[in-house]
Each structure stands twice: as C-alpha cells, then as structure tokens.
K.L.:
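The following block contains the structure, expressed as structure tokens.
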Amino acid sequence: MSRSRFRPDRLAVVLVAAALPVALTTVPAAAEPATPVTIVVDADRPGRTIPADFLGLSFEANLMHEPWIAPGAGNVAALIANLGRAGNLRFSANQVDNTAWTPDPASPLPAWANGQRVTPDDLTRVGELARNTGWSVDLGVNLAHFDPAAAAAASAPRGTGSALPFGRCRSATNPTSTC
C-alpha cells in the first residue's frame, strides 16, 4: 500500500483551477449611465498660465554634502537644465532636522546629527548648481534642535558673488531685492 504525500504545489494548482471558472463567470455590477460632458475651449480667454518656474525638484537636506551636487562632478547639472531654464531646487525634507549646520567642517557634530552636516562648501556646491542650471534654491533650516544662531547663519544672505543665490526670497519693502 503506497502512501501519497501532501504536496502544496499540487494543492495550489487545484485551488486555482477551481477558482478560475468562478472568477470568469462573475458579473460585474452595473454601472450608472454616463452623463454627457461638454468642453468648450475659448482661444480668446485661455485662463491662467502655469508659471515658467513651476517645475521643482526636492532633495533631502543632507544630500548637499554629496560631491555629485557639484556641477563639474557629473551630469546632474545638465540633466536638471534639460528640464528647463526656470525651476526650483529644494533642499530640505525629512533629513533637515537631522542635519547640522557646521561653519567649521572640522568641528564635532552634535549627537543628534547622525553624521549629517551642511558646511559652507556644501552651500557653494548648491550655489554653483543653481547658477549652472538657472534654477532658484529653497533651503530648509533645522528648527527641530533649538539653535537660533545656527539656523540664522545657515540661511543668511551671502552677499555679492555669494555661494548660494536665494532667488525666490523677496523683501516686502523692496520687491526687487533678493534675500
């Protein structure tokens, strides 16, 4: 007398074979009748225009420290510029609260930073990328760890020929000036 052994693969084939006819004969619920829609395009009143700089890319703040951000390090600047000459680069996201501003790259990091820092050289790389692509930059500032001086220093204007162009900032009293 031979004993048959349980084989899960055969059981799966049997279950699929049994379920297939049921699945193929199930009738979908009746849909409601379609309501006709009319769309009119008026060339004399085109509506609102999407701004040329509507496009944007967002990066984690700690990526500013990566060498590939530098325009000469690879093709990132060319790829971004291929998207258009007016866009916005945002460096912030979740990691901004775990990234420490360190004006002196040799200084020790706070324990909460998990090895993540932003230095003046990083801002220079981001600024070069912005100038190369023609895009503006939004820079997130770490507000999770109370250090107002570091937040102010990281976001301070850099002056003429600065490392980082803050192209989107405008002063309420002088709309033509950048922050």
Side-chain angles (χ1 to χ4, degrees), residues 8-9 11-12 15-16 46-179:
D9 56 336
L11 178 61
L15 290 176
V16 168
R48 295 185 177 158
T49 302
I50 296 173
D53 64 349
F54 187 72
L55 178 65
L57 294 174
S58 183
F59 298 93
E60 292 286 348
N62 61 329
L63 292 180
M64 285 188 283
H65 200 62
E66 295 294 326
W68 58 262
I69 293 293
N75 64 350
V76 172
L79 291 172
I80 292 171
N82 285 341
L83 295 173
R85 291 300 296 175
N88 180 255
L89 299 170
R90 176 181 176 258
F91 289 87
S92 188
N94 293 329
Q95 292 303 313
V96 74
D97 291 335
N98 298 321
T99 304
W101 165 249
T102 52
D104 176 7
S107 66
L109 284 172
W112 53 261
N114 299 326
Q116 299 176 169
R117 69 174 68 227
V118 174
T119 67
D121 287 345
D122 300 332
L123 296 183
T124 298
R125 268 193 300 281
V126 170
E128 289 170 0
L129 181 62
R131 273 189 290 286
N132 244 289
T133 60
W135 287 33
S136 61
V137 174
D138 287 338
L139 178 63
V141 176
N142 182 339
L143 298 176
H145 303 281
F146 189 71
D147 190 345
S155 60
R158 304 281 184 247
T160 305
S162 71
L164 189 60
F166 287 92
R168 296 233 173 188
C169 276
R170 298 283 182 235
S171 163
T173 56
N174 184 359
T176 59
S177 73
T178 57
C179 298

K.L.:
Of all heavy-atom pairs between N132 and P71, which one has the smallest distance, and what is that distance?
P.N.:
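Looks like ND2-CB, 3.3 Å.
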K.L.:
Would you name the heavy atoms of E60 and Q95 that are closest together and state the gap between them?
P.N.:
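In terms of heavy atoms, the two residues are closest at OE1-N, 2.7 Å.
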K.L.:
Would you confirm whether Q116, through its side chain, and N98, through its main-chain N or O, come within 3.5 Å as a donor-acceptor pair?
P.N.:
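Answer holds: yes.
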K.L.:
Under 3.5 Å, is there a donor on one side chain and an acceptor on the other for D122 and T119?
P.N.:
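There is such a pair (donor and acceptor under 3.5 Å, judged by atom type) between the side chains of D122 and T119.
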K.L.:
First locate atom CG of L63, then atom OG of S92, and finally report the distance between them rounded to the nearest 0.5 Å.
P.N.:
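The OG atom of S92 is 11.5 Å from CG of L63, to the nearest 0.5 Å.
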K.L.:
For L139, run the side-chain contact (heavy atoms from CB on, under 4.5 Å) check against L123, V96, V126, L89 and tell me which one passes.
P.N.:
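Answer after filtering L123, V96, V126, L89: L123.
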K.L.:
Hey, could you give me the CD1/CG distance between I80 and N75, rounded to the nearest 0.5 Å?
P.N.:
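Answer rounded to 0.5 Å: 9.5 Å.
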K.L.:
What's the separation between atom OG1 in T99 and atom CG in N94, rounded to the nearest 0.5 Å?
P.N.:
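Interatomic distance, T99 OG1 to N94 CG, rounded to 0.5 Å: 10.5 Å.
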K.L.:
Minimum heavy-atom separation for N88 and W135, please, with both atom names.
P.N.:
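Looking at all heavy atoms of both residues, the closest pair is N-CE3, 3.2 Å.
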K.L.:
Throw together a table of side-chain donor-acceptor distances under 3.5 angstrom for residues 102-115, partners on residues two or more places apart or in other chains.
P.N.:
{"unit_1": "T102", "atom_1": "OG1", "unit_2": "R117", "atom_2": "NH1", "d": "3.3"}
{"unit_1": "T102", "atom_1": "OG1", "unit_2": "V118", "atom_2": "O", "d": "3.4"}
{"unit_1": "D104", "atom_1": "OD1", "unit_2": "A106", "atom_2": "N", "d": "3.0"}
{"unit_1": "S107", "atom_1": "OG", "unit_2": "D104", "atom_2": "O", "d": "2.7"}

K.L.:
What's the shortest heavy-atom distance between M64 and R125, and which atoms?
P.N.:
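Nearest pair, atom of M64 first, then R125: O-NH2, 3.5 Å.
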K.L.:
Between atom CG of D138 and atom CZ of F59, what is the distance when rounded to the nearest 0.5 Å?
P.N.:
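It comes to 12.5 Å.
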